[in-house]
Enquirer: 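Sharing a structure with you now.
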Amino acid sequence: MPELPDVELFKRLAEQCCIGKTIADLEVADPKLLKGISPAALQRQWRNKKLRAARRHGKVLFLEADSAGALAMHFGMNGSLQYLAKTEKAPRFVRLALAFADGHRLAYLNPRRIGHVMLISDANAYIAQEGLGPDALSPAFDYAALTAALEGKRQAIKAALMDQTRIAGIGNIYADEILFQAKIYPLTSANALDEAAKRRLFQAIKSVLQTAVDYKAGSEILTDRLPNGFLIPERHAGGKCPRCGAAILSFKLGGRSGYYCPQCQPKPGG
DNA sequence: TTAAGTGTTGCTCT
DNA sequence: AAGAGCAACACTTA
């Protein structure tokens, strides 16, 4: 699930339901996912503090408490954030939850436990320390930033898009979608893209991610929540190109499955 | 029952 | 030195 659009929705959920609320308790159901602090220390530090703000950079969500640092949440392969009403029973896989004074809870779920929640002092310092590139949807990530990120790189353009140290927020599924919309063959060398291709790529990064957020679509296969013309619903064996009807082909890159249309995304020179 | 899977890290090899 | 490939992480679903 969680690529940039998913985490953006988690951020909005936190903003809409929890900002300004007093944290009555922290329920750490799985201490293994908590980094940088012990459950007891986190409870001491965050109890009776107010949740001040939610921020996002790439795939990371930051929840900031008043004068008590921030929690940096990584959702891994299939983590999520859920708001639970006072009387609502906790679903499976809740690993950590903020229990507010009004009885509602904000729960961090992570079935596979790939991912973590880390207490940090400052989001910007964390971004710098992790070496994260500019957030794909931020104004700071402009066309010049894209060309700089791809400069002299010979690796496949899909791998470059997914490299969080160059651009933060794009994962396997949205990388495929962006390259489909930009009509670029995913295994093209990054430094082999001409000006026109890079312009299309930049436009596709912004429009695909923004569209996904606007449609409230995660990267799950939710056909009815994505506009027509998206590749994502056809991202499986037997899929058909939404543009030309050709059979969608699959490939492997770095152990991950990718999908593309051989008609709309032809190999350079082939 | 087996395989595949939305992310990241660390290791090895070229 | 960049970059490719792979395993590991833990667990669900097809």
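Chain letters run A, B, ... following the sequence lines, proteins first and then strands; every chain starts at 1.
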Enquirer: Can you tell me the distance, in whole Å, between the CD1 atom of A:I167 and the C1' atom of B:dG7?
Expert: 17 Å
Enquirer: Would you say the ring centers of A:Y259 and A:F251 fall short of 6.0 Å from each other?
Expert: no
Enquirer: Expressed in angstrom and rounded to an integer, what is the separation of A:L61 atom CG from B:dG7 atom C1'?
Expert: 16 Å
Enquirer: Rounded to the nearest Å, what distance is computed from the CE atom of residue A:M73 to the P atom of nucleotide B:dG7?
Expert: 19 Å
Enquirer: Please give, in whole Å, the distance from B:dG7 C1' to A:I170 CD1?
Expert: 14 Å
Enquirer: Using distance alone, with no hydrogens and no angle criterion, decide if A:N124 and A:R55 have a side-chain donor and acceptor under 3.5 Å apart.
Expert: yes
Enquirer: Less than 4.5 Å apart, any side-chain heavy atom of A:Q155 and any of A:S189?
Expert: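 Sidechains of A:S189 and A:Q155: no contact.
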Enquirer: Just checking A:F93: base, sugar-phosphate only, or nothing, at a heavy-atom cut-off of under 4.0 Å?
Expert: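 Here A:F93 touches the backbone only, sparing every base.
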Enquirer: Rounded to whole angstrom units, what separation is found between the CG atom of A:D176 and the P atom of B:dG7?
Expert: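 Taking CG of A:D176 and P of B:dG7, I get 10 Å after rounding.
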Enquirer: How many Å lie between CG on A:D163 and P on B:dT9, as a whole number?
Expert: 10 Å
Enquirer: Could I get the full list of salt bridge (charged side-chain N to carboxylate O under 4.0 Å, His left out) partners for A:R105, not counting sequence neighbours?
Expert: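 A:R105: no salt bridge (charged side-chain N to carboxylate O under 4.0 Å, His left out) contacts found.
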Enquirer: Please give, in whole Å, the distance from B:dT9 P to A:Q129 CD?
Expert: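 From A:Q129 CD to B:dT9 P: 11 Å.
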Enquirer: Considering every strand shown, what is the Watson-Crick or G-U wobble mate of C:dA10 when both distances are under 3.5 Å?
Expert: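 Paired with C:dA10, as far as the under-3.5 Å criterion goes, is no nucleotide at all.
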Enquirer: Dump the intermediate steps for ring-ring contact (aromatic ring centres under 6.0 Å, His included) on A:Y260 and A:F180, then the final yes or no.
Expert: CA-CA 6 Å; A:Y260 74 106; A:F180 173 73; 10.0 Å; no
Enquirer: Distance only, no hydrogens: is a donor on one side chain within 3.5 Å (strictly under) of an acceptor on the other, for A:N110 and A:Y108?
Expert: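 Yes, A:Y108 and A:N110 have a side-chain donor paired with an acceptor closer than 3.5 Å.
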Enquirer: Between which nucleotides of DNA chain C, 5' to 3', does chain A make heavy-atom contacts below 4.0 Å?
Expert: C:dG3 to C:dT12
Enquirer: Any side-chain heavy atom of A:S257 within less than 4.5 Å of one from A:K252?
Expert: yes
Enquirer: Between protein and nucleotides 2-5 of chain B, what N or O pairs are separated by less than 3.5 Å?
Expert:
{"residue": "B:dG5", "atom": "OP1", "partner": "A:S257", "partner atom": "OG", "Å": "2.9"}
{"residue": "B:dG5", "atom": "OP2", "partner": "A:K252", "partner atom": "NZ", "Å": "3.4"}
{"residue": "B:dG5", "atom": "OP2", "partner": "A:S257", "partner atom": "OG", "Å": "3.0"}
{"residue": "B:dG5", "atom": "N2", "partner": "A:R112", "partner atom": "NH1", "Å": "3.4"}
{"residue": "B:dG5", "atom": "N3", "partner": "A:R112", "partner atom": "NH1", "Å": "3.1"}

Enquirer: Check this for me: does any side-chain nitrogen of one of A:K86 and A:D102 sit under 4.0 Å from a carboxylate oxygen of the other?
Expert: no
Enquirer: For A:Y143 and A:F202, take the angle between the two ring planes, folded into 0 to 90°, and tell me which bin it lands in: parallel under 30, tilted 30 to 60, perpendicular over 60.
Expert: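 A:Y143 vs A:F202 ring planes: perpendicular.
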